[in-house]
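Treat the numbers as computed from the prediction; the structure is a model and nothing was measured. Here, residue 1 is the first one in the sequence, and each next residue gets the next number.
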Amino acid sequence: GNPAAVCQLTAAANPAWMQAIAAEFNLSETVFVRPVGTTWDLRFFTPRTEVALCGHATLATAHLLLSTGLARGRIAFTCPGGDLAAESDSARIWLDFPRIATQACPVDERLWEALGCMPQAVYQAGDDILVEAPDAEAVRRAQVDHRLVAELPVRGVILTAAADDAEYDVISRFFAPAAGIDEDPVTGSAHCAIGPYWAKRLRRNELRCHQASARGGSLLVRVGDSRVELGGQAVTVFSGALQAPPPSPEPSP
């Protein structure tokens with residue numbers, strides 16, 4: 001799985017302060033959550049920049065709210081990437097995320113060298129590039145040049161293929177060095193594109209997905225017409241308190 005830091009706020013905070021806290025935690029994502037009416041507002045930060053959408057940090061937030069009794073039933077979230085939701089069943093937490101379409105795009109020649117393999121196909125997937133590798137083994141053994149990936153005009157690069165064992169349908173890896181994450185352990189937001197892409201190819205709407213990072217992780221993906229459901233689990237590793245109160249947002253000019 002993928003670790004995330006969840007910071008509970010009682011009011012809006014200065015983004016520069018949130019970015020500094022995320023840099024201090026130095027995890028792939030730190031999420032700041034605060035109640036706004038009947039919903040919860042989320043802001044996601046890598047050690048280097050704010051991002052619009054993050055799956056594992058939303059999963060961690062839902063786990064926190066449900067396990068502490070701060071929320072019950074279906075939880076509504078707002079974030080820069082749109083409206084999200086989360087709900088728990090007896091086995092896992094299900095996230096309701098927007099579906100990301102893939103479109104064929106011009107290929108940057110640096111991509112071949114950066115990935116160390118010859119892709120089968122390349123698509124624009126929101127802020128990312130989705131690359132289909134020749135096979136699952138090519139995904140696992142890819143030696144990625146993070147410096148070259150960081151030069152590409154995208155958030156990150158998804159490398160994916162059909163799985164080669166009976167346990168999973170799809171395998172992937174995700175690289176976002178420009179955002180301060182050379183390789184993300186497990187990336188829920190990337191599966192908003194991976195799910196629809198392979199659902200069409202494999203002719204099934206529920207997929208068992210594995211992200212083959214060194215840490216590794218798996219999730220279930222259900223693909224709908226406009227939304228994607230991501231199923232996963234979370235545990236609380238430790239909890240604490242920030243000693244310095246967050247500064248208020250800077251006033252608008």
Side-chain angles (χ1 to χ4, degrees), residues 1-9 22 25 27-46 51-100 158 167-172 174 181 184-196 198-199 204-213 215-239:
N2 202 351
V6 183
C7 297
Q8 294 176 253
L9 302 178
F25 280 128
L27 298 171
S28 60
E29 258 88 18
T30 296
V31 55
F32 296 85
V33 55
R34 64 184 178 94
V36 179
T38 59
T39 66
W40 296 84
D41 179 73
L42 302 179
R43 298 281 293 271
F44 307 110
F45 291 82
T46 76
V51 295
L53 192 66
C54 178
H56 78 277
T58 306
L59 178 70
T61 304
H63 165 74
L64 170 70
L65 297 178
L66 292 168
S67 63
T68 58
L70 291 172
R72 300 178 185 276
R74 188 173 178 84
I75 308 171
F77 295 112
T78 59
C79 73
D83 294 333
L84 314 175
E87 194 166 9
S88 178
D89 62 20
S90 59
R92 55 184 52 84
I93 295 172
W94 287 97
L95 306 179
D96 184 336
F97 270 44
R99 174 173 170 156
I100 297 177
I158 303 164
E167 187 174 0
Y168 299 106
D169 301 305
V170 176
I171 187 172
S172 68
F174 183 75
I181 309 165
D184 199 27
V186 189
T187 315
S189 59
H191 284 80
C192 294
I194 293 170
W198 286 108
R204 64 185 71 175
N205 290 329
E206 183 167 305
L207 301 167
R208 299 162 301 163
C209 300
H210 176 67
Q211 194 153 327
S213 63
R215 188 181 179 104
S218 60
L219 62 162
L220 290 176
V221 180
R222 295 172 178 168
V223 180
D225 292 338
S226 62
R227 307 288 291 183
V228 172
E229 290 185 319
L230 309 172
Q233 299 169 317
V235 295
T236 300
V237 177
F238 63 85
S239 61

(request) Please determine which of Thr46, Val186, Asn2 meets the side chain to side chain contact (heavy atoms under 4.5 Å, CB included) test together with Ser28. (result) Asn2
(message) Using every non-hydrogen atom in the two residues, find where Ala62 and Ile93 come nearest and quote the distance to one decimal.
(response) CB-CG2, 4.1 Å
(message) Is there a side-chain contact between Phe45 and Phe32 in this structure, where contact means two heavy atoms from C-beta onward sitting under 4.5 Å apart?
(response) yes
(request) Give a yes or no on whether the backbone of Glu229 and the side-chain of Arg222 come within a donor-acceptor separation of less than 3.5 Å. (result) no
(request) Check whether any side-chain heavy atom of Val31 lies under 4.5 Å from a side-chain heavy atom of Cys54, and answer yes or no. (result) no
(message) With heavy-atom distances below 4.5 Å as the criterion, would you say the side chains of His191 and Val170 are in contact?
(response) no
(request) Rounded to the nearest 0.5 Å, what's the gap from CD1 on Ile158 to SG on Cys192? Could you check? (result) 9.5 Å
(message) Tell me if a side-chain donor or acceptor on Arg99 pairs with a main-chain N or O of Val223 at a distance below 3.5 Å.
(response) no
(request) Please report the shortest heavy-atom distance between Pro185 and Ser213, naming the atom on each side. (result) O-OG, 2.8 Å
(request) Can you measure from CG (Leu53) to CD1 (Ile100) and round to the nearest 0.5 angstrom? (result) 6.5 Å
(request) For Arg215 and Gly1, indicate whether the former's side chain and the latter's backbone hold a donor-acceptor pair under 3.5 Å. (result) yes
(message) Is the shortest side-chain heavy-atom distance between Leu220 and Arg208 below 4.5 Å?
(response) yes
(message) Is the shortest side-chain heavy-atom distance between Leu42 and Pro80 below 4.5 Å?
(response) no
(message) Looking at every non-hydrogen atom in both residues, tell me the closest pair between Phe77 and Ala86 and how far apart they are.
(response) CE1-CB, 3.8 Å
(request) Check for a donor-acceptor pair, side chain of Gln211 on one end and backbone N or O of Asp184 on the other, with a separation under 3.5 Å. (result) yes
(message) How close do Ile75 and Trp40 get, counting heavy atoms only, and between which atoms?
(response) CG2-CD1, 3.7 Å
(message) Restricting to non-hydrogen atoms, name the atom on Leu27 and the atom on Ala5 that form the minimum distance, rounded to 0.1 Å.
(response) CD1-N, 3.6 Å
(request) State whether the side chain of Gln8 and the backbone N or O of Val33 hold a donor-acceptor pair below 3.5 Å, judged by distance alone. (result) no
(request) Compare all side-chain heavy atoms of Arg74 with those of Asp96 and state whether any distance is below 4.5 angstrom. (result) yes
(message) I need the Asp83 CG to Arg227 CZ distance, nearest 0.5 Å.
(response) 7.0 Å
(request) Measure the shortest side-chain to side-chain distance between Cys7 and Phe25 over non-hydrogen atoms and say whether it is less than 4.5 angstrom. (result) yes
(request) Identify the heavy atoms of Pro3 and His56 that sit nearest to each other, and give their distance. (result) O-NE2, 3.3 Å
(message) Keeping His210 on the side-chain end and Gly217 on the backbone end, is there a donor-acceptor pair under 3.5 Å?
(response) yes
(request) Would you check if Val221 and Val228 make a side-chain contact, meaning some heavy-atom pair closer than 4.5 Å? (result) yes
